[in-house]
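Remarks on the structure that follows.
Hydrogens, waters and symmetry mates are skipped; everything else that's a heavy atom, side chains included, is used.
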Amino acid sequence: MAHLANLNTINETLPAIPKFTINKQKIKRSRATIIAFSGKKNDENQPLMQTTRRLALSLGSISLIANSGHAISLAEDNGFWQLDFPLISPSAENKIANEKTGTRSFIKKGLFMADIGVKGSMYRLRKCSFDLLAMEGLIGADTLNYVRKYLRLKSTFMYFDFDKVISAASLDDKQPLTDLANRLFDKFEELEDASRRKNLSETESSYKGTKVILQEVMDRMPDMI
């Protein structure tokens, strides 16, 4: 009996166990919010965010980027993501530049030209000539800016390809190829200047003379390939 009395004493000294009440309205409100987040509309008929597959992928991408930040920093330390070196521009060895300026006005800087060999340069000369012959339909009063950009891109490749072909040509072919290149590049400079000044009549006139030389280039390259 003494033991039971001691148990009753301990029971009276223990704190009462708190009772937790469940707020059903709060649960209903939170459930309604979750349902609305899944694509339903609220009471004001305003669309809420939808948990679509695109959203899930976006959240996953953010997580991957956050976790891979250390790897990216290591790559930057190794210089993989940073272009801390200048882009090497090709140079011409033969006398195909403008004698007055020492260069050509149409040359576009910053282009990467892969070494495709002499035969590759011959093929590209023919291909660029064909592309510029097809440019006639592009020339118009509102398109001269595009004509100039397209001309500069193609003519820059042709300039350095011609230099490579001339360097590899035989002694009998060097001078004829040099003359052909200079006649073509003189026309390119005229065409580039007329299109830059947005003079449609001069652009059309210069292009007519350029077409004749472009056809000569196409006729000459297959014989060398």
Side-chain angles (χ1 to χ4, degrees), residues 85-141 143-225:
F85 54 89
L87 186 63
I88 300 175
S89 300
S91 58
E93 300 177 358
N94 297 279
K95 296 181 179 180
I96 56 177
N98 191 314
E99 295 181 357
K100 296 181 179 179
T101 62
T103 183
R104 289 293 182 177
S105 61
F106 53 78
I107 293 179
K108 185 176 179 62
K109 298 181 180 180
L111 287 179
F112 171 75
M113 296 186 62
D115 187 4
I116 57 176
V118 178
K119 288 187 176 181
S121 293
M122 293 178 185
Y123 174 81
R124 191 160 56 189
L125 280 170
R126 179 177 173 82
K127 179 65 168 59
C128 290
S129 298
F130 177 82
D131 292 339
L132 290 176
L133 283 172
M135 189 181 65
E136 186 172 10
L138 180 63
I139 298 176
T143 58
L144 294 183
N145 187 40
Y146 300 104
V147 170
R148 179 172 174 266
K149 291 181 179 180
Y150 191 71
L151 171 66
R152 291 189 63 195
L153 177 64
K154 296 294 182 179
S155 59
T156 299
F157 281 101
M158 294 185 72
Y159 180 80
F160 295 108
D161 283 335
F162 246 120
D163 180 73
K164 183 177 290 187
V165 171
I166 294 172
S167 298
S170 62
L171 293 176
D172 295 335
D173 292 331
K174 281 185 182 293
Q175 192 58 46
L177 285 173
T178 302
D179 295 339
L180 176 61
N182 281 315
R183 288 192 292 116
L184 177 64
F185 297 150
D186 288 343
K187 282 296 183 181
F188 279 167
E189 286 191 320
E190 292 180 8
L191 183 59
E192 192 268 342
D193 179 67
S195 61
R196 178 177 53 81
R197 293 185 287 106
K198 300 187 183 301
N199 191 317
L200 179 59
S201 60
E202 289 187 15
T203 301
E204 292 175 339
S205 176
S206 180
Y207 182 75
K208 289 180 180 179
T210 306
K211 285 176 57 179
V212 179
I213 307 177
L214 287 171
Q215 189 61 53
E216 290 185 36
V217 175
M218 291 192 65
D219 295 339
R220 180 64 187 267
M221 287 303 112
D223 297 337
M224 301 189 66
I225 296 177

Are side-chain heavy atoms of [X] and [Y] found at a separation under 4.5 Å?
X      : Y      : answer
Lys149 : Leu153 : no
Leu214 : Met158 : yes
Arg124 : Met113 : yes
Glu216 : Leu184 : no
Leu191 : Met135 : yes
Leu144 : Arg148 : no
Leu132 : Tyr150 : yes

Nearest heavy-atom neighbours spanning [X] and [Y]:
X      : Y      : result
Asp186 : Arg104 : OD1-NH1, 2.8 Å
Phe160 : Ala92  : CE2-N, 4.1 Å
Glu189 : Thr103 : OE2-O, 4.0 Å
Val165 : Ser121 : CG2-CB, 4.1 Å

Keeping [X] on the side-chain end and [Y] on the backbone end, is there a donor-acceptor pair under 3.5 Å?
X      : Y      : answer
Tyr146 : Ile139 : no
Ser167 : Asp163 : yes
Asn98  : Lys100 : yes
Ser195 : Glu192 : yes
Lys174 : Ile166 : yes
Arg126 : Val217 : no

Apply the test side chain to side chain contact (heavy atoms under 4.5 Å, CB included) to residues Asp115 and Lys164: give CA-CA distance (whole Å), side-chain angles for both, the deciding distance (0.1 Å), then the verdict. CA-CA 10 Å; Asp115 187 4; Lys164 183 177 290 187; 3.1 Å; yes

To the nearest 0.5 Å, how far apart are [atom1] in [X] and [atom2] in [Y]?
X      : Y      : atom1 : atom2 : value
Asp172 : Leu177 : CG    : CG    : 11.0 Å
Thr143 : Lys198 : OG1   : NZ    : 9.5 Å
Leu180 : Asp173 : CG    : CG    : 11.5 Å
Asp193 : Glu202 : CG    : CD    : 7.5 Å
Met122 : Arg220 : CE    : CZ    : 9.5 Å
Tyr159 : Ile107 : OH    : CD1   : 4.5 Å

Salt bridge check: are Arg183 and Asp179 linked by an N-O gap of less than 4.0 Å?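 Asp179 and Arg183: not salt-bridged.
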
In terms of the angle between their ring planes, are Phe106 and Phe188 parallel, tilted or perpendicular, with boundaries placed at 30° and 60°? perpendicular

Lys108 atom NZ: more than 12 heavy-atom contacts under 6.0 Å: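 Open.
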
